[in-house]
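Chain identifiers are assigned alphabetically (A, B, ...) following the order of the sequence lines, protein sequences preceding nucleic acid strands; residue numbering begins at 1 within each chain. Note: hydrogens, waters and symmetry copies are ignored here, and every other heavy atom, side chains too, is used.
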Amino acid sequence: MMISQFFVLSQRGDNIVFRDYRAEVPKGSTETFFRKVKFWKEDGNAEAPPIFNVDGVNYFHVKVVGLYFVATTRVNVSPSLVLELLQRIARVIKDYLGVLNEDSFRKNFVLVYELLDEVIDFGYVQTTSTEVLKSYVFNEPIVIAPARLQPIDPAAIFTQGAKRMPGTAVTKSVVANDPSGRRREEIFVDIIEKISVTFSSSGYILTSEIDGTIQMKSYLSGNPEIRIALNEDLNIGRGGRSVYDYRSSSGSGVILDDCNFHESVRLDSFDSDRTLSLVPPDGEFPVMNYRMTQEFKPPFHVNTLIEEAGRLKAEVIIKIRAEFPSDIIANTIAVQMPLPNFTSRASFELEPGAAGQKTDFKETSKMLEWNLKKASIVGGAEHTLRAKLTFSQEFHGNITKEAGPVSMTFTIPMYNVSKLQVKYLQIAKKSSSYNPYRWVRYVTQANSYVARI
Amino acid sequence: MPPPAASSRYPSPSQPSGKSEVTDLKSQLRQLAGSRAPGVDDSKRDLFKKVISYMTIGIDVSSVFGEMVMCSATSDIVLKKMCYLYVGNYAKGNPDLSLLTINFLQRDCKDEDPMIRGLALRSLCSLRVPNLVEYLLGPLGSGLKDNNSYVRTIAVTGVLKLYHISASTCIDAEFPATLKSLMLHDSDAQVVANCLAALQEIWSLEASHSEEACREKESLLSKPLIYYFLNRIKEFNEWAQCLILELAVKYVPSDSNDIFDIMNLLEDRLQHANGAVVLATVKVFLQLTLSMTDVHQQVYERIKSPLLTLVSSGSPEQSYAILSHLHLLVVRAPFIFASDYKHFYCQYNEPSYVKKLKLEMLTAIANESNTYEIVTELCEYAANVDIEIARESIRAVGKIALQQYDVNAIVDRLLQFLEMEKDYVTAETLVLVKDLLRKHPQWSHDCISVVGGISSKNIQEPKAKAALIWMLGEYAQDMSDAPYILENLIENWEEEHSAEVRLHLLTAAMKCFFKRAPETQKALGIALAAGIADFHQDVHDRALFYYRVLQYDVHVAESVVSPPQQAVSAFADTQSSEIKDRIFDEFNSLSVIYQKPSYMFTDKEHRGPFEFSEELGSTSITPEVSSDIVPAQQFEANDKDLLLSTDEKDDNKGLSSNNCSAYTAPYESSNISSQMQELAISGPAASATTTQSSFDFDDLLGLGLSAAPAPTPSPPLLKLNPRASLDPRAFQQKWRQLPISLTQEYSVNPQGIAALTVPQSLIKHMQSHSIHCIASGGQSPNFKFFFFAQKEAEPSDYLTECIINSSSAKAQIKVKADDQSTSQAFATVFETALSKFGMP
């Protein structure tokens with residue numbers, strides 16, 4: 001149950017924070033760890049797993065914004081507990097510092113030590129609740145400029161220049177005062193959906209899944225109770241049916257395969273009217289995680305063709321179509337496709353009048369890259385890329401086996417594919433004049449969006 | 001906080017060199033120490049921060065110790081905290097300063113601000129200075145009685161710290177008793193949780209030399225205490241919940257109502273967003289239902305969905321931890337997950353450690369209904385840009401092919417891999433085709449025509465080359481140019497670096513020679529000459545042996561080197577079922593991640609909550625010899641786990657005796673082939689008894705030991721209690737904890753085999769000899785029984801696993817005993833009883 005040390009290392013292996021709770025692990029553990037992670041396999045390609053054992057010491061790590069959060073122990077502990085703890089420590093620190101990166105760490109390390117002392121005592125976790133910690137932690141954060149912000153979580157995409165979003169909210173410390181001196185009463189509820197779709201070479205959907213989170217960050221004073229109402233036609237669990245039985249899922253309603261909840265959430269009336277009630281603790285936290293394999297309309301349709309065109313030549317055509325309403329605009333889209341190993345050159349041809357699109361052929365990795373800027377991806381739009389490939393040697397066999405699959409990454413704000421909705425967000429407070437800002441925001445992101453050829 | 005080593009290796013240019021800055025700081029601090037000017041605390045804060053930042057980057061600032069302590073005579077809590085941090089770092093290395101520190105910390109422990117009391121107490125207990133422990137007693141005693149829960153929480157952990165500095169001081173002050181009463185009566189959940197954690201640690205460590213601590217440790221598992229915790233589990237934070245659940249796992253419920261009560265209490269914990277809470281709950285559910293097959297299976301169904309949600313909602317690292325546990329469950333009960341295979345498809349952006357796990361899971365759950373889809377998916381990965389994953393995918397296809405009966409479609413896919421003309425794909429595939437042919441020789445025709453088309457020049461990897469050479473030798477009659485390809489390879493003998501390949505070349509040349517002598521004779525001559533001149537001992541020996549046996553008699557040589565092939569029915573498992581069970585017992589721990597029981601990677605004192613005898617595991621470690629085979633027309637591999645599919649369950653009900661119908665099957669997976677293998681290598685005695693010409697590799701292992709061990713002098717007769725009783729749960733627990741003290745193999749007389757058509761008759765028969773059956777199962781020709789017996793005079797148990805194979809008329813027994821010195825005597829009684837089975 002207990003850990004021995006906790007430390008944070010930079011990408012270069014520098015110590016940023018180091019705390020030894022039980023003095024059981026010999027000196028040099030940070031170096032041992034870093035060497036192991038950097039040179040996991042001789043060829044340097046394979047990534048080190050998050051848990052490994054060197055000389056009887058177990059090392060756990062998670063990577064957050066390029067930093068290694070590491071715990072060590074000699075005891076046979078629960079691996080989930082330690083990894084969950086590391087992730088949670090990162091979140092608590094981020095709640096306090098507003099922005100999490102090497103710079104903010106270095107400027108605030110005294111505060112970080114103060115937090116660490118309250119989070120863990122003699123290796124045992126005491127609390128990771130930002131709320132509870134507030135009464136024990138006294139240093140004030142030195143907030144760094146949000147201009148140097150690195151996105152830490154999906155919600156950070158709201159800050160990427162989207163004017164209608166109060167962008168600073170997610171980078172606001174839970175304890176620091178606003179420059180204006182007054183705290184703004186506001187609450188953010190983000191519905192973030194990561195979708196994974198695999199299309200077969202004939203364009204039919206092989207697998208699809210939505211992994212969603214309702215994330216909350218509250219800046220309301222006095223901890224009022226909050227009620228969140230979800231779709232009334234929401235169903236959980238698919239009974240005896242096979243999860244991937246598409247034929248039978250055409251019925252109405254949103255059907256989640258499964259979901260789980262933050263410990264502050266009370267589900268007293270969830271079964272009857274699909275409302276969640278909770279007193280939101282300070283800081284950012286997931287109210288609910290859900291998983292859905294019900295059929296949904298993929299936001300992009302991808303069509304790929306690769307054809308030999310002569311002895312040392314081939315042509316690739318990639319066509320993408322945005323299958324969402326025209327009032328929705330997707331953020332930057334990136335399309336990638338591995339080309340045959342013996343491709344020596346690729347020349348690209350975009351459709352006439354194409355703007356905000358960039359193409360590239362990465363010689364070393366043999367990767368075709370196609371990036372589309374935001375303005376060009378309105379719902380309903382269709383774009384085509386043609387690439388002429390030149391090979392360095394003659395090829396026999398099936399060219400489709402040598403290339404692909406095509407993968408896509410994208411972000412679509414104000415759109416969610418599951419149709420799960422927050423119908424209303426009620427804040428219980430007596431005064432009628434109390435009307436804080438409520439932000440309910442939706443976003444869809446590609447997790448693994450792959451089309452085979 | 002020791003000076004971080006890394007920073008000294010990569011000094012940043014802005015780092016101060018040290019000395020002058022420290023002197024500077026010292027004088028500034030001294031100035032501020034006496035000052036009462038307004039705003040002085042702010043200046044102090046800045047200086048303190050500087051001191052701490054030097055400390056972090058590894059500059060020695062211990063020389064300002066006195067000034068720091070003087071400056072911290074303030075009510076500013078931020079200053080205090082920084083001072084405590086500093087003091088905690090340097091006190092241990094500076095014993096003369098420690099007394100100074102202790103004075104001021106003791107004073108702070110009486111501060112009116114509870115926050116300062118708590119912080120001072122924590123720092124005081126963290127100093128780790130052994131000769132100053134007496135100063136801790138007073139502050140700790142009052143801390144435990146403090147009216148503020150924050151102080152009490154810290155005091156409880158402080159007791160544990162004291163125990164680690166000086167166990168006797170802690171015990172003599174009777175702190176554990178105080179903690180126990182706090183645990184039962186304190187109103188604050190965190191205080192209670194810390195008491196539980198501290199007491200578990202203290203009593204576990206004390207238990208080795210104190211009976212009282214042993215009793216106290218046991219008392220934590222009493223029913224009222226368990227329910228005291230479980231009933232109010234929601235008052236605790238998620239981390240403390242894990243602690244409580246970990247305790248509940250060890251609780252032995254009194255009856256099935258007890259089991260269901262606990263499961264109902266904890267049901268909603270499965271919906272927790274914290275994966276650690278969910279896994280700890282899952283472990284409780286799995287352990288509670290071990291002896292209830294049906295419910296156990298329901299538990300698998302119930303936990304599937306929450307675990308899958310956790311896999312997809314967390315970071316890749318968290319997914320990995322959860323997925324490793326799912327992996328364990330999938331391997332134990334593949335059929336429960338058979339329809340969920342799509343969840344284990346790889347996503348292109350997953351880290352390779354996740355992909356590898358998923359590939360193994362897909363391999364495990366492939367069955368008649370989903371093989372086609374899974375293999376199709378795996379074939380997509382074979383073209384993956386990540387070569388390691390591509391290789392693993394091909395291996396996965398091969399493993400699936402080996403575990404299936406209908407390999408028709410898979411063979412085609414494998415052969416298609418060869419057409420991809422990628423070196424590593426071809427290499428992996430060749431190895432698989434070879435294994436496949438060993439199991440399914442009927443496919444040789446299709447495979448050989450494709451393999452024959454591969455140019456040996458394109459194959460560099462030793463394993464692949466060896467596989468190709470093996471096929472050339474084995475199927476020389478079907479491959480027209482086999483002798484010439486071999487000849488070609490033999491001519492390049494000098495360039496062949498791998499001894500494995502050279503060994504295979506020798507054997508293949510021999511085999512080819514027996515089939516097509518005129519074409520091979522020359523090549524064989526060259527090979528033997530080169531082999532005998534080889535510097536590698538094994539190659540040299542084999543060449544010489546071949547040469548001599550050929551000289552002696554060609555027909556004998558053929559019967560030795562190229563006997564008629566038997567199809568391999570099952571490849572040996574790399575992990576024994578005992579090890580797998582041990583890992584399952586250690587669910588929700590690192591054992592699952594490393595796929596090893598804890599004794600293999602942890603030293604004894606850090607093994608945590610899992611305490612088992614070491615011998616059990618070590619006797620049965622199976623070396624990883626994946627190519628070892630068990631020619632198994634004798635054994636129907638009966639590889640079902642605790643979770644039996646429905647039809648089998650019925651069979652078992654028919655077989656087991658009435659009084660133990662609730663316990664339909666042993667928890668242990670009974671992969672007989674792997675157990676046979678364990679037997680074969682668990683010691684010279686055992687290997688000798690099993691070397692009944694049944695395994696070719698045993699001959700090798702038994703070399704020089706072929707004489708049967710001298711019969712042990714017959715020990716005094718053992719009297720057994722005819723009315724012994726043992727409930728299934730206790731049996732299970734014992735079976736897991738005791739080491740195997742004896743393994744034997746007996747012949748069963750033909751009358752016995754005939755009588756075995758009604759397995760109950762054996763159970764009755766043994767009962768008449770005071771050996772009682774607790775569970776039985778299996779079907780012809782393999783029957784498995786678990787027996788127990790008790791000494792007449794004292795409560796000392798013998799547990800026996802007995803596998804009878806009716807076609808070979810052999811019985812294998814494994815005996816575990818409380819009193820191991822008498823296990824041989826018991827085995828004799830057992831054998832005598834068994835030998836009378838079926839006799840009128």
Side-chain angles (χ1 to χ4, degrees), chain A residues 1 12-15 18-20 23 27-28 30-31 46-47 49-51 53 56 58 62 74-81 83-84 87 109-110 113-114 121-122 124-127 138-139 196 207 211 213 242-244 257-263 286 289 291 338 397 401 407 447-448 450 452, chain B residues 1-2 4-7 10 49 52 56 77-78 81-82 85 157 160-161 197 237-239 242-243 271-276 279 305-306 309 312-313 315 317-318 320-322 339 342 345 347-349 351-353 380 383 385 388 419-421 588-591 593 598 601-603 606-608:
Chain A
M1 280 303 290
R12 299 175 307 280
D14 300 337
N15 254 7
F18 181 97
R19 194 88 180 86
D20 194 333
K27 278 193 175 148
T30 57
E31 282 197 307
E47 216 176 317
I51 304 167
N53 181 304
N58 303 296
V62 300
R74 302 188 81 99
V75 185
N76 191 12
V77 291
S78 157
S80 277
L81 186 133
L83 292 172
E84 194 88 38
Q87 209 77 42
F109 68 92
V110 179
Y113 278 129
E114 199 183 351
D121 196 5
F122 207 49
Y124 288 99
V125 191
Q126 300 297 303
T127 179
F138 299 92
N139 273 293
S196 301
T207 59
D211 298 312
T213 301
S242 157
V243 172
Y244 280 98
D257 289 55
D258 184 53
C259 57
N260 61 38
F261 303 94
H262 187 262
E263 57 177 351
N289 296 308
R291 182 167 56 82
K401 288 252 183 263
S407 60
N447 181 23
S448 163
V450 174
R452 292 181 178 153
Chain B
M1 196 168 17
S7 61
Y10 313 101
K49 263 187 199 162
I52 300 216
T56 306
I77 198 155
V78 176
K81 281 195 159 192
M82 284 195 270
L85 182 64
T157 312
L160 184 57
K161 291 176 186 168
N237 72 30
E238 49 201 312
W239 313 106
C242 294
L243 194 70
Q271 274 195 344
H272 204 287
N274 185 332
L279 278 182
S305 218
T309 304
S312 51
S313 60
S315 66
E317 294 94 352
Q318 287 160 300
Y320 172 70
I322 306 284
S339 60
K342 286 196 179 184
Y345 282 3
Q347 298 185 342
Y348 84 103
N349 52 353
S352 50
Y353 54 77
E380 292 286 342
V385 270
E388 193 49 40
E419 290 164 10
M420 281 171 67
E421 297 192 11
N588 194 24
S589 81
L590 290 167
S591 314
I593 304 285
S598 56
F601 62 88
T602 331
D603 38 80
H606 295 115
R607 215 157 286 165

Inter-residue atom distance [X].[atom1] - [Y].[atom2], 0.5 Å rounding:
X      : Y      : atom1 : atom2 : result
B:N274 : A:N260 : CG    : CG    : 9.5 Å
B:N237 : A:E263 : CG    : CD    : 6.5 Å
A:L81  : B:L243 : CG    : CG    : 9.5 Å
B:K49  : A:F109 : NZ    : CZ    : 8.5 Å
A:N139 : B:M82  : CG    : CE    : 5.5 Å
A:Y124 : B:L160 : OH    : CG    : 5.5 Å

Tell me, side chain or backbone of [X] under 4.5 Å from chain B's heavy atoms, or both, or neither?
X      : value
A:P286 : neither
A:V110 : side chain
A:F261 : both
A:D211 : side chain
A:Q87  : side chain

Open item on the list: Which residues pass the salt bridge (charged side-chain N to carboxylate O under 4.0 Å, His left out) test with B:E380, not counting sequence neighbours?
Closed with: A:R452
Task: With B:E317 via salt bridge (charged side-chain N to carboxylate O under 4.0 Å, His left out) - residues at least two apart - done: none
For the student: nearest non-hydrogen atoms of [X] and [Y], plus distance:
X      : Y      : result
A:P49  : B:Y353 : CA-CD2, 3.5 Å
B:I593 : A:P79  : CG1-CG, 3.6 Å
B:K161 : A:F122 : CG-CD1, 3.6 Å
B:S352 : A:E47  : OG-N, 3.9 Å
B:K342 : A:T207 : CD-CG2, 3.7 Å
A:F138 : B:V78  : CB-CG2, 3.5 Å

Open item on the list: If I measure from the heavy atoms of chain A, does B:F601 come under 4.5 Å with its side chain, its backbone, both, or neither?
Closed with: both
- [ ] Check each atom of B:Y345 against the heavy atoms of chain A and say whether the ones under 4.5 Å are side chain, backbone, both or neither.
- [x] side chain
Task: Backbone N/O of B:G275 and side chain of A:E84: donor-acceptor pair under 3.5 Å - done: yes
Open item on the list: Test your reading of the model: is there a side-chain donor-acceptor pair from A:N76 to the backbone of B:L590, 3.5 Å cut-off?
Closed with: yes
Open item on the list: Please evaluate residues A:N447 and B:N349 with respect to the criterion side chain to side chain contact (heavy atoms under 4.5 Å, CB included), reporting the C-alpha separation (whole Å), side-chain torsions for both, the decisive distance (0.1 Å), and the verdict.
Closed with: CA-CA 8 Å; A:N447 181 23; B:N349 52 353; 3.6 Å; yes
Open item on the list: Less than 4.5 Å apart, side chain to side chain, heavy atoms only: is that true for A:D258 and B:P306?
Closed with: yes
Task: Trace of the side chain to side chain contact (heavy atoms under 4.5 Å, CB included) decision for B:I322 with A:S80 - done: CA-CA 7 Å; B:I322 306 284; A:S80 277; 3.6 Å; yes
Open item on the list: Working note: A:V125 + B:E238, criterion side chain to side chain contact (heavy atoms under 4.5 Å, CB included); need CA distance, chi angles, decisive distance, verdict.
Closed with: CA-CA 10 Å; A:V125 191; B:E238 49 201 312; over 6 Å; no
TODO: Mind ranking B:S313, B:A321, B:S312 by heavy-atom pairs under 4.5 Å with chain A and telling me who comes out on top?
DONE: B:S312
